[in-house]
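Written below as structure tokens is the structure these notes are about.
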Amino acid sequence: MNYFITTIIGVYFGIVLVKSEVASWFRIQSMFKFDEPHMFLIIGSAVIIGLISVQIIRRFDINTLGGKTAASPNKDFNKGTIIGGTLFGMGWATTGSCPGPIYAQIGNGEFVAFSSLIGAICGASLYEIFRSRLPH
């Protein structure tokens with residue numbers, strides 16, 4: 001039953017991505033060329049909603065559905081984050097897709113997104129292979 005609910009939520013999320021044009025390679029390309037504010041407004045509103053949500057969770061000590069504490073651990077800065085973020089951004093700008101919308105793009109009939117999917121799988125696999133030798 002959990003897989004069914006997860007699938008329904010995933011399909012709904014994909015529809016939202018497509019209808020809001022967040023999964024549109026054209027909108028993503030326009031964002032990286034600074035042609036229009038559409039994506040910046042969506043990302044900015046998501047950040048604001050996330051900040052408010054985290055503050056509510058902390059202030060009211062809200063637990064997960066499993067009853068566990070919903071705390072976010074402190075993370076130390078490492079230069080690998082900058083390198084990985086730069087590579088991620090370059091791939092996002094080049095392909096017009098990041099891992100979230102790839103499936104929505106494919107579901108919307110944009111089959112060129114299969115190349116992004118293959119690239120994401122290869123990149124994740126390479127990361128796993130070389131993780132121990134990457135900068136911390």
Side-chain angles (χ1 to χ4, degrees):
M1 186 64 172
N2 285 340
Y3 291 119
F4 178 74
I5 293 170
T6 303
T7 302
I8 295 299
I9 292 170
V11 168
Y12 176 75
F13 183 63
I15 291 169
V16 169
L17 289 176
V18 170
K19 291 297 183 183
S20 66
E21 296 185 355
V22 174
S24 164
W25 69 267
F26 173 78
R27 291 283 187 191
I28 295 168
Q29 290 288 320
S30 294
M31 173 185 70
F32 282 107
K33 293 190 292 186
F34 299 103
D35 286 344
E36 60 184 30
H38 182 87
M39 292 294 290
F40 292 111
L41 294 171
I42 289 173
I43 292 169
S45 64
V47 168
I48 291 168
I49 290 169
L51 287 170
I52 292 169
S53 299
V54 168
Q55 292 305 313
I56 290 170
I57 289 168
R58 287 182 178 167
R59 185 155 299 154
F60 296 105
D61 198 27
I62 297 174
N63 293 331
T64 66
L65 294 175
K68 297 179 181 177
T69 302
S72 56
N74 292 331
K75 294 185 178 183
D76 294 330
F77 172 80
N78 74 53
K79 60 186 172 187
T81 302
I82 301 297
I83 296 167
T86 301
L87 290 171
F88 179 87
M90 289 168 55
W92 193 16
T94 303
T95 64
S97 184
C98 68
I102 289 174
Y103 301 105
Q105 289 173 334
I106 292 170
N108 197 39
E110 298 171 28
F111 298 116
V112 71
F114 275 111
S115 63
S116 298
L117 178 62
I118 292 166
I121 291 169
C122 290
S125 299
L126 285 171
Y127 171 76
E128 182 59 31
I129 292 167
F130 295 108
R131 179 173 47 174
S132 64
R133 292 180 267 180
L134 295 174
H136 293 67

Close side-chain approach of [X] to [Y], heavy-atom, < 4.5 Å:
X      : Y      : value
Val112 : Trp25  : no
Leu17  : Tyr103 : no
Met39  : Val22  : yes
Phe114 : Ile102 : no
Phe88  : Cys98  : yes

I need the [X] [atom1] to [Y] [atom2] distance, nearest 0.5 Å.
X      : Y      : atom1 : atom2 : value
Asn74  : Asp76  : CG    : CG    : 8.5 Å
Phe4   : Thr6   : CZ    : OG1   : 10.5 Å
Leu117 : Ile106 : CG    : CD1   : 5.0 Å
Glu110 : Ser24  : CD    : OG    : 6.5 Å
Asn2   : Ile9   : CG    : CD1   : 9.5 Å

Salt bridge (Lys or Arg N to Asp or Glu O under 4.0 Å) contacts in which one or both residues fall within [range], not counting sequence neighbours:
range           : result
residues 5-30   : Glu21-Arg27, Arg27-Glu36
residues 44-63  : none
residues 82-104 : none

Problem - Aromatic ring pairing Phe40/Phe34, orientation class (parallel under 30°, perpendicular over 60°, tilted between) - result: parallel

Problem - Same apolar cluster (I L V M F W Y, side chains within < 4.5 Å links), Ile28/Ile42 - result: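 Yes: a chain of side-chain contacts under 4.5 Å links Ile28 to Ile42.
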
Exercise for the section: Treat each ILVMFWY residue as a node, draw an edge where side-chain heavy atoms are under 4.5 Å apart, and state whether Ile49 and Ile57 are in one component. Expected result: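 No, Ile49 and Ile57 fall in different hydrophobic clusters.
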
Handout entry: Phe32, CZ atom: more than 12 neighbouring heavy atoms under 6.0 Å
Key =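 Yes.
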
Using a 3.5 Å distance criterion without hydrogens, assess whether the side chain of [X] forms a donor-acceptor pair with backbone atoms of [Y].
X      : Y     : result
Gln105 : Ala23 : yes
His38  : Ser30 : no
Gln29  : Ala93 : yes

Handout entry: Verdict with reasoning, Met31 to Ile43, per side chain to side chain contact (heavy atoms under 4.5 Å, CB included)
Key = CA-CA 11 Å; Met31 173 185 70; Ile43 292 169; 3.9 Å; yes

